[in-house]
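Taking it in order: structure first as structure tokens, then the write-up.
Below, chain A is the first sequence line, B the second, and so on; all start at residue 1.
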Amino acid sequence: MIRILVSAAPIDVAVELAAVEGRGAGGVASFTGVVRGDDGVTQLELEHYPGGTERALTELAQAAARRWTLLAVTIVHRVGAMLPGDRVVLVATAARHRTAALEGCAFLIDQLKTSAPFWKRESRGADARWVDARQSDAAAAARWVALEPECRTPGAE
Amino acid sequence: MIRILVSAAPIDVAVELAAVEGRGAGGVASFTGVVRGDDGVTQLELEHYPGGTERALTELAQAAARRWTLLAVTIVHRVGAMLPGDRVVLVATAARHRTAALEGCAFLIDQLKTSAPFWKRESRGADARWVDARQSDAAAAARWVALEPECRTPGAE
Amino acid sequence: MALQILYFAWVREAIGTGQEQLAVPPEVATVAALISWLSCRSEGHASAFADPAKLRAAVDQRFVPLDASITGAREVALFPPVTGG
Amino acid sequence: MALQILYFAWVREAIGTGQEQLAVPPEVATVAALISWLSCRSEGHASAFADPAKLRAAVDQRFVPLDASITGAREVALFPPVTGG
């Protein structure tokens with residue numbers, strides 16, 4: 001079961017995790033990204049590519065579900081204006097065993113950072129600027145390619 | 001902030017995650033273990049070592065918090081009788097950056113499986129039996145030792 | 001044939017609009033060629049596209065390298081490296 | 001000096017109690033020696049401790065190998081490999 005939601009509404013972690021749990025899973029892993037206010041950020045705005053975003057997230061969820069035999073994948077990403085402490089993104093995975101859920105979850109958030117069309121603009125008081133992409137995010141996404149079992153062909157993955 | 005709770009009460013994931021989030025973190029990772037009923041299990045009982053359990057979980061949380069500079073660690077483990085679909089364990093970590101939260105969370109559940117004094121008894125109808133420890137759990141716990149940076153001494157960890 | 005062209009983030013702000021419907025000549029066959037061609041439309045376009053190394057693209061909603069073909073495409077999106085999550 | 005001895009899971013069930021306060025002779029100096037000594041107490045003890053390879057131990061609430069000392073310990077717990085989480 002794949003659930004993709006891109007919305008300006010606050011993310012309800014309890015509802016989302018309960019839905020992921022109810023699939024006969026033995027383990028559910030989640031990652032929640034939260035707006036940090038520790039370097040003076042007063043507001044965060046998230047722009048995205050309507051249509052393109054949902055497509056990218058769906059393909060990402062499908063890839064993770066195949067690679068780790070996941071019972072459920074949920075990706076919820078908030079867009080629009082947010083404040084420090086607000087949730088930006090929730091990724092949750094369910095699997096029979098914990099390693100698949102944990103690895104699938106880590107894969108999804110790493111890949112989302114580099115392959116889903118979202119753009120952040122931070123405001124510090126009256127000063128707003130677009131956030132630069134981080135090289136460390138590209139490296140984190142790339143390590144999953146290196147970890148892919150060599151015996152698997154893309155079609156059989 | 002470390003929170004350890006061993007209790008017969010159901011685990012409230014929403015309350016626990018909200019507390020972990022509220023520490024100025026950029027990322028919160030969680031793992032929830034759920035009772036599976038897919039191989040005929042009708043009830044699961046969890047026995048533990050009162051006092052010894054809390055001590056083991058606290059030391060585990062402290063080790064993870066040091067190793068990954070975590071802002072918050074919560075470990076909630078249910079004991080007593082449970083049904084398929086019930087949550088057995090929740091591990092949640094908060095950190096400035098996602099990798100620390102994700103790795104710390106995976107470390108904690110792997111270590112908890114082999115180093116915290118809990119014992120499971122599964123019932124299938126009238127037949128109850130103690131669950132055997134799994135070699136794969138020992139291997140999962142051991143890989144974190146191998147991954148530990150060699151330059152760190154145990155005292156400085 | 002009219003091509004739907006979308007702009008996001010600071011590319012959108014520099015150009016002053018989030019989308020344009022343009023009749024692109026058939027000899028403009030790749031994303032990179034499209035970027036060059038668009039640069040001539042206004043100072044905003046020229047500014048947004050001054051450094052193609054800072055640009056990323058999607059053709060019909062799929063991420064592609066800048067040398068990818070746009071032949072037959074309905075929609076091309078041009079934007080900075082993504083920063084979600 | 002009286003030692004608090006705790007049993008869990010099938011060890012507890014085989015012995016028929018979860019704890020005993022026993023005066024352990026000073027020559028019983030390790031967990032393994034304690035297990036041998038306890039085995040003589042009843043058929044239940046003998047059954048629970050028949051295969052020490054299946055046993056794990058904690059001394060004063062810390063996991064230890066079976067050759068660990070119990071000298072000065074207040075509490076020793078004997079149990080099967082753990083299966084929580």
Contacting region of C:Arg12 [heavy-atom separation from chain A under 4.5 Å]: side chain
Part of C:Ala9 within contact of chain A (heavy atom distance under 4.5 Å): both
Chain C contact via A:Asp132 - side chain, backbone, both or neither, heavy atoms under 4.5 Å: backbone
Proximal component of A:Ser115, with respect to chain C [non-hydrogen, under 4.5 Å]: backbone
Donor-acceptor under 3.5 Å (C:Trp10 side chain, A:Trp130 main chain): no
Shortest non-hydrogen contact between A:Ala133 and C:Val82, atoms and distance: CB-O, 3.9 Å
Stepwise side chain to side chain contact (heavy atoms under 4.5 Å, CB included) test for A:Glu47 and C:Glu13: CA-CA 12 Å; A:Glu47 180 168 332; C:Glu13 289 185 327; over 6 Å; no
Residue pair C:Gln61 / A:Glu54, side-chain heavy-atom distance below 4.5 Å: no
A:Glu59 versus chain C, the contacting section by heavy-atom distance below 4.5 Å: side chain
Heavy atoms from other residues, nucleotides or ligands near CD of C:Glu43 exceed 12 (cutoff 6.0 Å): no
Where A:Ala116 and C:Phe63 come nearest, the two heavy atoms and their spacing: C-CZ, 4.1 Å
Geometric class of the C:Phe8/A:Tyr49 ring pair [parallel <30°, tilted 30-60°, perpendicular >60°]: tilted
Shortest non-hydrogen contact from C:Thr83 toward A:Val131: CG2-O, 3.3 Å
